[in-house]
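Here's the structure, in structure tokens; my notes come after.
Treat the numbers as computed from the prediction; the structure is a model and nothing was measured.
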Amino acid sequence: MTAAPPSAAYLYERVRRVIPPIEWPAFSDDIDAILALKRERNAVILAHNYQTPEIFHCVADIVGDSLALARRAMEVDADVIVLAGVHFMAETAKLLNPQKTVLIPDLGAGCSLADSITAEDIRLLRQRYPGVPIVTYVNTSAEVKAESDICCTSGNAKAVVESLGVARVIMLPDEYLAQNIAAQTDVEIIAWQGHCEVHERFTPADIRQLREDHPGVSVLAHPECPPEVVAEADFSGSTAAMSDYVGREKPARVVLMTECSMSDNVAVAHPEVDFIRPCDLCPHMKRITLANIRAALEQNRHLVTIDPQVADRARRAVERMLAI
Ligand code: 13P
Ligand code: SF4
């Protein structure tokens with residue numbers, strides 16, 4: 001076995017269960033450089049739960065689900081925010097920190113949900129359903145948020161929908177999230193036909209096979225999965241809720257029906273839990289690497305900018321959500 005080099009070696013202890021020692025030398029230079037650059041530039045790194053363990057556990061300052069990243073972005077006391085996640089997350093951080101430099105290491109880190117709807121689509125929906133409030137998942141562009149009444153995440157969607165005190169809402173763009181929330185509330189939900197390219201691929205047959213192959217396994221599914229998948233799971237919740245479930249219930253064996261890095265990141269904190277790992281990779285999340293985080297800090301790229309007129313209206317929808 002190749003020993004971890006001394007630089008950043010203490011960090012290797014955190015991830016040794018999920019990163020083989022032979023891979024560590026490929027990471028440790030960039031980790032050292034990023035830690036130094038963060039000090040030099042007074043920068044913080046916000047990382048989503050789907051980031052790879054060497055990012056999530058070794059260079060990130062704040063980690064979490066989309067809701068936690070938005071909440072914590074408001075509290076950041078730094079000059080520079082690097083968002084290790086996808087573009088809509090970086091835009092949300094910028095909306096909440098208009099005076100700060102917000103960087104995304106790869107501008108191509110998009111999202112199939114964000115790509116499924118435009119601001120023009122929302123304006124047409126308003127004409128078709130006059131007076132019906134529009135609840136927009138944070139997985140959307142700032143332009144789409146600007147046309148919306150309020151945002152939500154998978155962690156607070158039910159609370160947001162019910163906070164409006166109306167009988168009917170439009171919830172977009174994730175059709176499956178809308179259907180999964182509709183199953184938990186009396187509020188009628190009009191959905192859009194956007195899907196997450198990662199979660200839409202899971203099927204009930206996958207769950208039945210997993211239960212057959214791994215008797216007693218607890219199955220946790222993200223609410224971006226189709227409703228028939230959520231119906232067969234033992235629990236459904238945001239990435240943070242799934243992580244909390246593992247910590248609270250300590251299942252002997254668990255499978256997380258979600259993006260691949262999630263299991264690695266949660267497994268680090270729970271050596272006693274056996275993680276079964278069928279998973280799907282999010283190609284957008286995986287565009288973020290240690291190398292491009294380092295380049296982002298060295299070269300001040302890629303700056304996240306939002307048209308101020310769009311930003312003011314989009315910020316209102318995000319802040320209204322955060323007030324709940
Ligand atoms: P959450 O972390 O809010 O559950 O979102 C999952 C996701 O797919 C983000 O892109
Ligand atoms: Fe978008 Fe799905 Fe990737 Fe999240 S996992 S960024 S929802 S495509």
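The main-chain N or O of Ile150 is never found under 3.5 Å from a side-chain atom of Ser148 such that the two would form a donor-acceptor pair. Remark: the backbone N or O of Ser261 is paired with a side-chain donor or acceptor of Glu259 at under 3.5 angstrom. In this structure, His48 contributes its side chain and Tyr50 its backbone to a donor-acceptor pair below 3.5 Å. When atom types are taken as modelled, the side chain of Glu232 and the backbone of Ile207 share no donor-acceptor pair closer than 3.5 angstrom. In this structure, the side chain of Trp192 engages the main chain of Ser116 through a donor-acceptor pair within 3.5 Å. Between the side chain of Arg17 and the main chain of Ala267, a donor-acceptor pair closer than 3.5 Å is present. Counting only distance, with no hydrogens or angles, the side chain of Ser243 and the backbone of Thr239 share no donor-acceptor pair below 3.5 Å. The backbone N or O of Lys94 sits nowhere less than 3.5 Å from a side-chain atom of Asn97 that would complete a donor-acceptor pair.
Counting heavy atoms from C-beta on, the side chains of Arg201 and Cys225 never come closer than 4.5 Å. When side chains are defined from C-beta on, Leu322 counts as touching Met74, because their heavy atoms get closer than 4.5 Å. Side-chain contact between Leu220 and Val246: present, with at least one pair of heavy atoms (C-beta onward) separated by less than 4.5 Å. Between Val230 and Phe202, the closest side-chain pair of non-hydrogen atoms is not below 4.5 Å. Annotation: side chain of Met321 is in contact with side chain of Leu67 (closest heavy-atom distance under 4.5 Å). In this structure, the side chains of His302 and Asp106 stay at 4.5 Å or more apart for every pair of heavy atoms. Side chains of Ile34 and Ile45 form a contact here, defined as non-hydrogen atoms less than 4.5 Å apart. Contact check for Val82 versus Leu297: side-chain heavy atoms found under the 4.5 Å cut-off.
With rounding to the nearest 0.5 angstrom, the CG atom of Asp264 is 8.0 Å from the SG atom of Cys279. For the atom pair Glu54 CD and Ser28 OG, the distance stands at 11.5 Å (nearest 0.5 Å). The structure places CD1 of Ile19 at 5.0 Å from CZ of Phe27, a figure rounded to the nearest 0.5 Å. Summarising the geometry, atom CD belonging to Glu272 is positioned 5.0 Å from atom NZ belonging to Lys250; distances are rounded to the nearest 0.5 Å. The CD1 atom of Ile104 sits 9.5 Å away from atom CZ of Phe88, with the distance rounded to the nearest 0.5 Å. To the nearest 0.5 Å, atom CD of residue Gln309 and atom CD of residue Glu143 are 12.0 Å apart.
A donor-acceptor contact closer than 3.5 angstrom is absent between the side chains of Ser218 and Tyr245. Judged purely by distance below 3.5 Å, without hydrogens or angles, the side chains of His284 and Glu197 pair a donor atom with an acceptor atom. Between the side chains of Asn292 and Thr289, at least one donor N or O lies within less than 3.5 Å of an accepting N or O. Side chain to side chain, Asp65 and Ser238 meet the donor-acceptor criterion of an N or O pair below 3.5 Å. If you check the side chains of Asp213 and Gln209, you find a donor sitting under 3.5 Å from an acceptor. Between the side chains of Glu224 and Tyr137, at least one donor-acceptor pair of N or O atoms lies under 3.5 Å. Thr118 and Asp121 are linked by a side-chain donor-acceptor pair at a separation below 3.5 angstrom, with hydrogens and angles left out of the test. With 3.5 Å as the limit, one finds no donor-acceptor pair spanning the side chains of Lys286 and Thr52. For Thr153 and Ser66, the side-chain atoms include no donor-acceptor pair closer than 3.5 Å.
Two different hydrophobic clusters hold Ile122 and Leu124 under the rule that ILVMFWY side chains link at heavy-atom gaps under 4.5 Å. Hydrophobic clustering (ILVMFWY, side-chain heavy atoms < 4.5 Å, transitive): Ile134 and Leu177 are in distinct clusters. The hydrophobic cluster containing Leu103 also contains Ile55, counting ILVMFWY residues as joined when their side-chain heavy atoms lie under 4.5 angstrom apart, directly or transitively. Hydrophobic cluster membership is shared by Leu83 and Val76, with clusters built from Ile, Leu, Val, Met, Phe, Trp and Tyr side chains linked at under 4.5 angstrom. Tyr129 and Val160 are assigned to two separate hydrophobic clusters, defined by single-linkage of ILVMFWY side chains at heavy-atom distances under 4.5 Å.
Closest non-hydrogen pair, Ala296 versus Arg41, comes out as O-NH1, 4.1 Å. The minimum heavy-atom distance between Ala109 and Ile288, with the atom names listed, is CB-CD1, 4.1 Å. Between Thr140 and Pro173, the shortest heavy-atom contact is CG2-CD, 3.6 Å. Counting all heavy atoms, side chain and backbone alike, Met285 lies closest to Met89 at CE-CE, 3.6 Å. Counting all heavy atoms, side chain and backbone alike, His199 lies closest to Met257 at CD2-O, 3.7 Å. The two residues Leu95 and Arg315 have their closest heavy-atom pair at O-NE, 2.6 Å.
For CG of Asp186, the number of neighbouring non-hydrogen atoms (other residues, nucleotides, ligands) closer than 6.0 Å is 12 at most. No more than 12 heavy-atom neighbours from other residues, nucleotides or ligands sit within 6.0 angstrom of CD on Gln193.
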Discussion item. Checking Leu125 against Leu172 for the side chain to side chain contact (heavy atoms under 4.5 Å, CB included) test, could you report, in this order, the C-alpha distance in whole Å, the side-chain angles of both residues, the deciding distance, and whether it holds?
Written reply: CA-CA 11 Å; Leu125 279 168; Leu172 46 84; 3.4 Å; yes
Practice prompt. Just do the salt bridge (charged side-chain N to carboxylate O under 4.0 Å, His left out) check on Arg294 and Glu298 with the steps written out, would you?
Written response: CA-CA 6 Å; Arg294 178 178 180 173; Glu298 281 170 347; 3.1 Å; yes
Discussion item. Is there a salt bridge (charged side-chain N to carboxylate O under 4.0 Å, His left out) between Arg126 and Asp149? Walk through the geometry before answering.
Written reply: CA-CA 11 Å; Arg126 283 222 189 264; Asp149 294 294; 3.1 Å; yes
Worksheet entry | Asp234 vs Arg211, salt bridge (charged side-chain N to carboxylate O under 4.0 Å, His left out): CA-CA, chis, key distance, verdict | CA-CA 11 Å; Asp234 299 303; Arg211 292 201 194 277; 3.2 Å; yes
Fill in: side chain to side chain contact (heavy atoms under 4.5 Å, CB included) between Val44 and Lys38, intermediate numbers included
CA-CA 6 Å; Val44 295; Lys38 282 201 300 181; 5.9 Å; no
Fill in: Intermediate values then yes/no, side chain to side chain contact (heavy atoms under 4.5 Å, CB included), Ile189 and Ile181
CA-CA 8 Å; Ile189 298 184; Ile181 298 302; 3.9 Å; yes
Discussion item. As a quick check of understanding, evaluate side chain to side chain contact (heavy atoms under 4.5 Å, CB included) for Asp174 and Asn180, giving each step before the final call.
Written reply: CA-CA 10 Å; Asp174 189 340; Asn180 287 322; over 6 Å; no
Practice prompt. Verify salt bridge (charged side-chain N to carboxylate O under 4.0 Å, His left out) between Glu91 and Lys145, making sure each step is shown before the conclusion.
Written response: CA-CA 11 Å; Glu91 275 193 336; Lys145 290 183 176 77; 5.2 Å; no
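A salt bridge links Lys158 with Glu162: the distance from a Lys NZ or Arg NE/NH1/NH2 to an Asp or Glu carboxylate oxygen falls below 4.0 Å. Electrostatic pairing of Glu120 and Arg123 counts as a salt bridge here, judged by a charged N lying under 4.0 Å from a carboxylate O.
Per the SG-SG cut-off, Cys196 and Cys111 are not bridged by a disulfide [distance not under 2.5 Å].
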